[in-house]
*Asks:* 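Structure below; questions to follow.
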Amino acid sequence: MAPNRAPNLKKKAASTDRGPSKAGPAPVVSTGYWLFKSEPDAFSWADQKSRGAKGEPWTGVRNYLARNTMQAMKLGDLGFFYHSNIGKEIVGIVRVIATAHPDPSDDSGTWACVDVEAVCDLPKPVSLAQVKDTLALAEMALVKSMRLSVQPVRPEEWALVCQVGGLDAKSLKPLAPLRS
DNA sequence: GCCAACGTTGGC
DNA sequence: GCCAACGTTGGC
C-alpha cells in the first residue's frame, strides 16, 4: 500500500481532539518538533497546503516507532514537511491540529495518525545533502534513521534548519525578506 | 534499477 | 525469545 503514507485523499478529517472552536491564537504552546516524510507524487507539500486550515490526517503509517512518535505529539507542535524520493528536501512547516487518533485507513485498531495543517513554506528548501553536509545536523533522524517516516527533531536542529532555510523560527516569517 | 538498511514475520 | 528469511524504504 502506501509508500510513506497512504494518500487517503478522500477521507474526512477525523474528529478527535480538534482544535478549539473558541477561536483566538494557537491554543497550545508548541513543545515538540517533528519531521513528516511524504513522497511528493503520493502527497506533496502543495497537496498539504491545498487542505488549508482543515489540514490532513497523516494516515498510512505502519511502523511502531513512527506511531509512538505521533502519539507523543501535542496540539500546536510544529513539524518539517520533507519530500522523500523526489526532491529530497525539507520544504515546509506544518502544525499538529489533532493529536493521535485511530487511523481511519486501518481496520485493525493498531495504527494511529495525527492531523497536520500547513503553516508556511521554508523559503529556501533544505536538502538532504545539506543536512548531511552540516556537522550540527549529522545526528538528525533524517540521516540516522533514514527509513523512519515520522521522526522527532531536536530543538537545536529545528532552529538550525529554519535558519538555513531562511525562516525565523520564532515568528515563522522569512528571514531577510526581499526588499522592495 | 540497484541495493543497503532495517523492520517484520515465522520457524524452532 | 532468538534469528534467518523476507519485504520495503528510499538514497544513489
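In what follows, chains are A, B, ... by sequence order, proteins preceding strands, each numbered from 1.
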*Asks:* Hey, is the main chain of A:P40 close enough, under 3.5 Å, to the side chain of A:S38 for a donor-acceptor pair?
*Replies:*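 Answer holds: no.
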*Asks:* When you list every nucleotide of DNA chain B with an atom under 4.0 Å from a heavy atom of chain A, which one comes first 5' to 3', and which comes last?
*Replies:*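 Range of nucleotides touched by chain A: B:dA5 to B:dT8.
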*Asks:* Between A:V164 and A:K124, what is the shortest heavy-atom contact and its length?
*Replies:*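 In this case the closest contact between A:V164 and A:K124 is O-CE, 3.6 Å.
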*Asks:* For A:D47, does its backbone N or O pair with a side-chain atom of A:S44 as donor and acceptor, under 3.5 Å?
*Replies:*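 Yes, because the side chain of A:S44 sits within donor-acceptor range (under 3.5 Å) of the backbone of A:D47.
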*Asks:* Could you list the residues that satisfy ring-ring contact (aromatic ring centres under 6.0 Å, His included) with A:F81, not counting sequence neighbours?
*Replies:*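 With sequence neighbours excluded, A:F81 shows a ring-ring contact (aromatic ring centres under 6.0 Å, His included) to A:W45, A:W58, A:H83, given in chain and number order.
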*Asks:* Under the side chain to side chain donor-acceptor pair (under 3.5 Å) test, which residues partner A:W34, sequence neighbours left out?
*Replies:*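 With neighbours one apart ignored, the set is A:D77.
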*Asks:* Could I get the full list of side chain to side chain donor-acceptor pair (under 3.5 Å) partners for A:Q151, not counting sequence neighbours?
*Replies:*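 Checked A:Q151 against side chain to side chain donor-acceptor pair (under 3.5 Å); zero matches.
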*Asks:* A:K49: which residues meet the salt bridge (charged side-chain N to carboxylate O under 4.0 Å, His left out) condition with it, sequence neighbours left out?
*Replies:*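 Testing A:K49 for salt bridge (charged side-chain N to carboxylate O under 4.0 Å, His left out), a comparison that skips the adjacent residues, returns A:D121.
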*Asks:* Looking at DNA chain C, which of residues 127-135 of chain A put a heavy atom within less than 4.0 Å of it?
*Replies:*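 The answer is A:L128, A:K132.
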